[in-house]
Amino acid sequence: MASPPVTMWGPESGGSVVLLPGFGSTVGTDFALLGPMLGRSRRAIGLDPDAVPVPGAVPEGSLPAPAHLVGYGAGAAAALRLATGGAVRPASVTLIAPVLSPGTAEAALLSAPFRLLRPEAAEPAIDRDRAARELAAIDGAELVARAADTAAPMLVIRCTDDALAGPDDALRLVEAAPDARLASVDSGHGVFVERPAEVLALLARFLDDPHAHPAGSSYRAAAA
């Protein structure tokens, strides 16, 4: 049986976090740990691609306002489109392993053997056809322009060994956005498999105090 397109954790009070999964993936795969952990103190809402058939196009009022948007890979692009599309008023935006260079990413995606992670890590199951379509929809210039139009505080999490992202993809978004900071995690693209504790710590601190690190700052995740 297919998973429902919307998954929720936690109380209705305490602020809401909207989780958008990565290339060819689902909320159940990418946020199996993060969703319940975030749901301990706030409402966490996971949206699978079926819930947002056109990235960034959701009916006005269908998501809580203000909401913290958290997007991973393809979900990072969707988060930027939601943040600037007018239907959602974001309290903050977190972009995890964003990709601006679809040509580089497609080569990694279609490589054999297929690895989103470091070679020693387990490979997650993804829908490669949907991942390829989502990569084809990436327009780096558009996403940088949307970052520049995002007034909400932003956290960009860069994975240092990410085979899908270009080396400067995360930095381009941070430099474009008016209120963004960059955090680095020693990981491949599959950061939720390799470094889940570090991502959770970075995200929880940012959600609690988006300006704990000032705009334009760069820092590394503490090893768990």
Visitor: Can you give me the closest heavy-atom contact between Tyr72 and Ala97, atom names plus distance?
Guide: CE1-CB, 3.9 Å
Visitor: Ignoring hydrogens and geometry, is there a side-chain-to-backbone donor-acceptor pair from Asp169 to Leu100 under 3.5 Å?
Guide: yes
Visitor: Grab the two heavy atoms, one from Pro98 and one from Val156, that are nearest each other, plus how far apart they are.
Guide: CG-CG1, 3.9 Å
Visitor: About how many Å separate CG of Asp129 and CD of Glu134, when rounded to the nearest 0.5 Å?
Guide: 11.0 Å
Visitor: For the residue pair Leu34 and Pro196, establish whether any side-chain heavy-atom pair is separated by less than 4.5 Å.
Guide: no
Visitor: Looking at Arg40, I want to see if its CZ is surrounded by more than 12 non-hydrogen atoms of other residues, nucleotides or ligands under 6.0 Å.
Guide: no
Visitor: Starting at CG of Leu47, measure out to OG1 of Thr26 and round the result to the nearest 0.5 Å.
Guide: 12.5 Å
Visitor: Measuring from atom CG of Leu171 to atom CG of Leu182, what distance do you get when rounded to the nearest 0.5 angstrom?
Guide: 6.5 Å
Visitor: So, does Arg43 use its side chain to make a donor-acceptor pair with the main chain of Met8 at under 3.5 Å?
Guide: no
Visitor: Find out whether Leu143 and Arg172 are in side-chain contact, i.e. whether some heavy atom of one side chain is under 4.5 Å from a heavy atom of the other.
Guide: no
Visitor: One pair to check against side-chain contact (heavy atoms from CB on, under 4.5 Å): Leu203 and His68. What are the steps and the verdict?
Guide: CA-CA 10 Å; Leu203 184 55; His68 298 276; over 6 Å; no
Visitor: How long is the span from the CG atom in Asp186 to the CZ atom in Arg220, to the nearest 0.5 Å?
Guide: 4.5 Å
Visitor: Please lay out, stage by stage, how Val144 and Glu142 fare under the test side-chain contact (heavy atoms from CB on, under 4.5 Å).
Guide: CA-CA 6 Å; Val144 169; Glu142 173 219 347; over 6 Å; no
Visitor: Tell me, do Leu155 and Pro210 make a side-chain contact under 4.5 Å, heavy atoms counted?
Guide: no
Visitor: So, Ser184 and Arg158: side-chain donor and acceptor under 3.5 Å apart, yes or no?
Guide: yes
Visitor: Hey, are the side chains of Leu20 and Leu82 touching, using non-hydrogen atoms and a 4.5 Å cut-off?
Guide: yes
Visitor: Pick one: which of Asp30, Leu38, Leu69 meets side chain to side chain contact (heavy atoms under 4.5 Å, CB included) with Leu19?
Guide: Leu38
Visitor: Kindly say whether His213 contributes a backbone atom to a donor-acceptor pair with the side chain of Arg181 at under 3.5 angstrom?
Guide: yes
Visitor: Looking at Val191 and Cys159, what are the two nearest heavy atoms and their distance?
Guide: CB-SG, 3.7 Å
Visitor: Before you tell me yes or no, could you show the steps for Leu33 and Leu200 under side-chain contact (heavy atoms from CB on, under 4.5 Å), namely the whole-Å CA-CA distance, both residues' side-chain angles and the distance that decides it to 0.1 Å?
Guide: CA-CA 9 Å; Leu33 172 65; Leu200 178 61; 5.7 Å; no
Visitor: Search all heavy atoms of Asp179 against all heavy atoms of Ala151 and return the closest pair with its distance.
Guide: CB-O, 4.2 Å
Visitor: With side chains defined as the heavy atoms from C-beta onward, is the minimum distance between Pro21 and Thr29 less than 4.5 Å?
Guide: no
Visitor: How long is the span from the CZ atom in Arg42 to the CG atom in Asp208, to the nearest 0.5 Å?
Guide: 5.0 Å
Visitor: Taking all atoms of both residues into account, what is the closest heavy-atom pair of Gly46 and Trp9, and its distance?
Guide: N-CZ3, 4.1 Å
Visitor: Out of curiosity, Asp168 CG to Glu175 CD, how far, rounded to the nearest 0.5 Å?
Guide: 8.0 Å
Visitor: Could you walk me through whether Thr7 and Phe31 pass the side-chain contact (heavy atoms from CB on, under 4.5 Å) check?
Guide: CA-CA 10 Å; Thr7 306; Phe31 298 111; over 6 Å; no
Visitor: Under a 3.5 Å cutoff, is there a donor and acceptor pairing between the side chains of Asp149 and Thr84?
Guide: no
Visitor: What closest approach, in Å, do Thr94 and Ile157 show between heavy atoms, and which atom pair accounts for it?
Guide: CG2-CD1, 4.3 Å
